Amino acid sequence: MIGSKVRSRVRAMRDAPIVGALVRLVDRVWWYRKIRRSGLVDRDFYAAQLGWRSISASAATWHYVSRGFRRGLSLNPLFDEIFAGGGLPEVFRVPALYAYLVGERDTIAVNPWWDAVGAGGAVEGPALEHVWTNRGLELILRAGDRERRMTVTALRELAIRAAREWSSMRWSSGSEDVAAESTAPYTLVRFVQARDRRYHRKLEQVARLVQANKIAASAAMIEADASQWVSATVLSEIEPGIRFTLYRAPNSWGEVVASETRTVPTINPLVVLDARADFDDVEVESLAREGGSSVAFPAHRAQDGTLVGLGAARIGARTYRILRGHPVEDASVIAMRVLDVPIAVGRSFAMPFSQLFEGGGIQDDDEDIEALSLRMNRRGAMPRVLLDIVPVLEEPDLPDWTTRHAYAHGIQPAAEDDRQRAEEIISFAGFDVRGWSTTRSGRPTPALEWRRPHSDAQRWAIKICAPAGRAGAVWGDTHFARGLASALRRRGHMVVIDAYDARDRDSGYLDDVSVAIRGPYRMNPPRWGVSLEWIISHPDEVSRSEVARHDGVFAASSGWSERMSKKWGLSIRSLLEATDTDLFHPRGLERGSDIVFVGTARGIARPSVVAPLSAGIPVKVYGPDWRPFISQSAIAARSIPNVELPARYETAAVVLNDQWPAMRREGFIAMRPFDAVAVGGRVISEEVEDIEEIFHGAVVTYRDASHLVELLRTDPSELFPSDERLREIAADVRREHSFDARAAVLAAAAQSAAPVVDRARG
């Protein structure tokens, strides 16, 4: 706990105006000394990345710690700064090589194609240092199903050559001929961009598809970091069927696609994948299949999780992106999987080469497929959007790429525009168009009205603090919202879930009720409909003015609700957290001996995990960001899918639980005890107001770290009720503390508030 307080104070000092500069300088000196003494600095490799003939080891190290690591430069050809940093703590502040050196080195993956962790087991220590001092050793490089053996010396020479290519902007790597002779059924151009720490997954997917003879492949590396380009070059040696090209600013999307289509084999169809999105193999093949006869494209979602647009339509002299800014649930209600639209949008698409060339091809100034689709539209071609492929554009746009879209520019008005088809698609999603208007930017926008499937149906929006996409998928708030959404849908309502960045989306006027699940961030109520707030954490950051703005407020603590209602003179009702009974119910699994903790480290040495491990009690930890605080051997996995949690809790001897300090003080009980007890699990938790009474003995509390260790050294059968009694308690929790029970309370509150809101706003 002391260590985490010190770290917090140091972080605060780094941001201070004057002291911060000194603290940051001390950081760099510390990093420099540790790295310089490691023996891992390859000055020739670093000089090649800078485009210099030579550099001293000391100068290379200082350049790296002061600015080079932020550009993806690496001091060692076996150490991929971008890849390794993705699995290490404080990656955006601390050089990955330093984080490696102060971590458990034998457990850290340092290269996407060489298994340093596996190799370390054979040498009983860090493999990177071992092979670097024995450069005649042969490494096994692997991507997909293909291997390549190469000595450290040969790999180093290859990396230095690639680094020189990168610094001198010599643009291509890999085979020029093999792809042209391919018998694969389609051609894939995979965009990969700088700063993407998951770039290796995208490239390995390309390698797998090439090896299965499913594609002829080209990878367009946009502004690639040095480490990314070096690793791509190594991959081209493992899998020579991929052609790699490096593009630098000011290349636009159109310039890159146009360049690629001039060099790749014209095997129908052509599939182009946006650098910002992930696709699984099934989605790639589905795109290729649908793009065999006409343009096909995914229903991309923006970074905030809302739809980029289910295609576009010409409305007068402008284009309208259909359902742009709407939650993805509005697309999911459309009965069709494939939908014909007037104009394709986005930077991912599949289409026959013949149609591409007939349409005049991609032009250098095209910012996405919309421009080509507009040209093809005049020829009567109808693109198709695939509604079951909805990836989030999680990587940001690179600053050097222009981001204007065709909808922002005037187009030649057609004799008949696409208004009728746009309104048909909008109708498929359950809306009627009441009229059209034009925004300040000149973009046409429809005024919509939601068609209620029955008289009692309402449109609910659950707003959470989690981000969209894979980053938010591990948040408890996301699973909380999904459980509540399912319960509300069972009551006959339409429910959408808004990630934090979509909390103020323009289409919010369509919602009847919004529920802000108040976690670490404040969310202001929307201007429309009934606004409810459910405070589930961080009560110390909630203010009276925030509470007063909502039409109904609930909090996951009986004591806090009562105290603050009296203090502020406002009504705050108690509504504890809950469990998703669709998922959390007993499966009849046998209880084992594991002590389990599921959750992130939150940047602190959480005592419920650190105390038992320090006492020699094994704990299986599932969650990210634990490396600075516990041994890697205790980390069972960096994450666990939510669908696997019920079995993990049911088979555990004990599930550990703690809270944010403010939650514990104010009596807020997290969701974990509800989930674990609902499957018949046993929980040892920090003391929280009312927790033992609520769970009737299925939760045992500890006072401090020594008491926790004492409890964990006791036979659990002496601490907890019998399995038969635990099953009874589990049934009670599923009945009394389900999301269905909570949804009933929220629905009643919304119904009571609706007339008041209507009078106030109408």
Side-chain angles (χ1 to χ4, degrees), residues 1 4-5 7-9 11-12 15 89-90 92-93 303-305 394 461-485 497-505 514-526 531-550 553-557 560-561 564 572 575-578 597-609 623-626 628-629 639 642 657-675 686 688 742:
M1 202 56 132
S4 61
K5 290 180 179 178
R7 278 189 291 272
S8 298
R9 289 173 182 168
R11 289 191 193 103
D15 296 330
E90 295 192 277
F92 298 107
R93 187 187 69 83
Q303 272 193 307
D304 66 1
E394 299 184 71
I462 302 173
K463 300 178 182 293
I464 58 176
C465 293
R470 65 176 184 267
V474 299
W475 280 53
D477 299 45
T478 301
H479 304 307
F480 188 100
R482 289 173 180 168
L484 178 58
I497 299 174
D498 291 322
Y500 185 69
D501 288 339
R503 64 195 182 279
D504 297 322
R505 57 180 165 79
S514 69
V515 184
I517 307 301
R518 183 28 157 119
Y521 313 125
R522 173 174 174 162
M523 287 178 278
N524 293 324
S531 174
L532 305 178
E533 182 177 50
W534 190 355
I535 303 164
I536 65 171
S537 69
H538 295 72
D540 54 321
E541 298 178 15
V542 178
S543 66
R544 185 189 187 283
S545 61
E546 175 184 344
V547 169
R549 297 189 64 186
H550 293 275
V553 179
F554 300 85
S557 167
W560 188 86
S561 299
M564 302 316 290
I572 302 174
L575 194 65
L576 303 181
E577 294 202 34
F597 180 90
V598 179
T600 178
R602 298 195 311 228
I604 61 173
R606 295 175 73 162
S608 61
V609 173
D625 307 323
W626 280 101
F629 308 107
S639 64
N642 204 47
N657 178 65
D658 61 15
Q659 317 274 144
W660 286 96
M663 289 178 65
R664 179 178 53 80
R665 288 194 305 269
E666 301 294 352
F668 282 74
I669 303 171
M671 191 162 58
R672 187 180 300 110
F674 292 95
D675 290 342
E686 282 184 319
V688 185
R742 304 297 186 255

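Computed over heavy atoms, backbone and side chain alike; hydrogens, waters and symmetry mates excluded. Here the structure is a predicted model, which is why all the values come from computation and not from measurement.
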Heavy-atom side-chain contact between [X] and [Y] under 4.5 Å:
{"X": "Phe480", "Y": "Thr478", "value": "no"}
{"X": "Val609", "Y": "Phe629", "value": "no"}
{"X": "Asp304", "Y": "Arg505", "value": "no"}
{"X": "Ile462", "Y": "Ile517", "value": "yes"}

- prompt: Are the aromatic ring centres of Tyr500 and Trp475 under 6.0 angstrom apart?
  reply: no

Between atom [atom1] of [X] and atom [atom2] of [Y], what is the distance when rounded to the nearest 0.5 Å?
{"X": "Met671", "Y": "Glu577", "atom1": "CE", "atom2": "CD", "answer": "6.5 Å"}
{"X": "Arg482", "Y": "Asp477", "atom1": "CZ", "atom2": "CG", "answer": "11.5 Å"}
{"X": "Arg665", "Y": "Glu686", "atom1": "CZ", "atom2": "CD", "answer": "11.0 Å"}
{"X": "Asp540", "Y": "Met663", "atom1": "CG", "atom2": "CE", "answer": "10.5 Å"}
{"X": "Glu533", "Y": "Leu575", "atom1": "CD", "atom2": "CG", "answer": "12.5 Å"}
{"X": "Ile572", "Y": "Trp560", "atom1": "CD1", "atom2": "CH2", "answer": "4.5 Å"}

Testing the basics here: between [X] and [Y], what is the closest heavy-atom pair and its distance to 0.1 Å?
{"X": "Asp675", "Y": "Ala578", "result": "OD1-O, 4.1 Å"}
{"X": "Arg549", "Y": "Asn524", "result": "NH1-OD1, 3.1 Å"}
{"X": "His538", "Y": "Gly519", "result": "CB-O, 3.6 Å"}
{"X": "Ala670", "Y": "Pro673", "result": "O-CD, 3.2 Å"}
{"X": "Ala468", "Y": "Ala499", "result": "N-CB, 3.5 Å"}

Check whether any side-chain N or O of [X] sits under 3.5 Å from a backbone N or O of [Y] as a donor-acceptor pair, and report yes or no.
{"X": "Arg606", "Y": "Thr600", "value": "yes"}
{"X": "Ser514", "Y": "Ala461", "value": "no"}
{"X": "Ser531", "Y": "Pro525", "value": "no"}

task: Would you please test Ser537 and Phe668 for side-chain contact (heavy atoms from CB on, under 4.5 Å) and show each step?
output: CA-CA 7 Å; Ser537 69; Phe668 282 74; 5.9 Å; no

Pair [X] + [Y]: basic N to acidic O under 4.0 Å:
{"X": "Lys463", "Y": "Asp498", "answer": "yes"}
{"X": "Asp658", "Y": "Arg664", "answer": "no"}
{"X": "Glu546", "Y": "Arg518", "answer": "yes"}
{"X": "Arg522", "Y": "Glu541", "answer": "no"}

field: Glu394 and Arg470: CA distance, side-chain angles, deciding distance, side-chain contact (heavy atoms from CB on, under 4.5 Å) verdict
entry: CA-CA 8 Å; Glu394 299 184 71; Arg470 65 176 184 267; 3.0 Å; yes

Stacked cation flag Arg742 on Phe554, 6.0 angstrom / 45 deg: no

task: Given side-chain contact (heavy atoms from CB on, under 4.5 Å), test Val553 with Leu532 step by step and report yes or no.
output: CA-CA 6 Å; Val553 179; Leu532 305 178; over 6 Å; no

query: Under the side-chain contact (heavy atoms from CB on, under 4.5 Å) criterion, do Trp534 and His550 qualify, and how do the steps go?
result: CA-CA 10 Å; Trp534 190 355; His550 293 275; over 6 Å; no

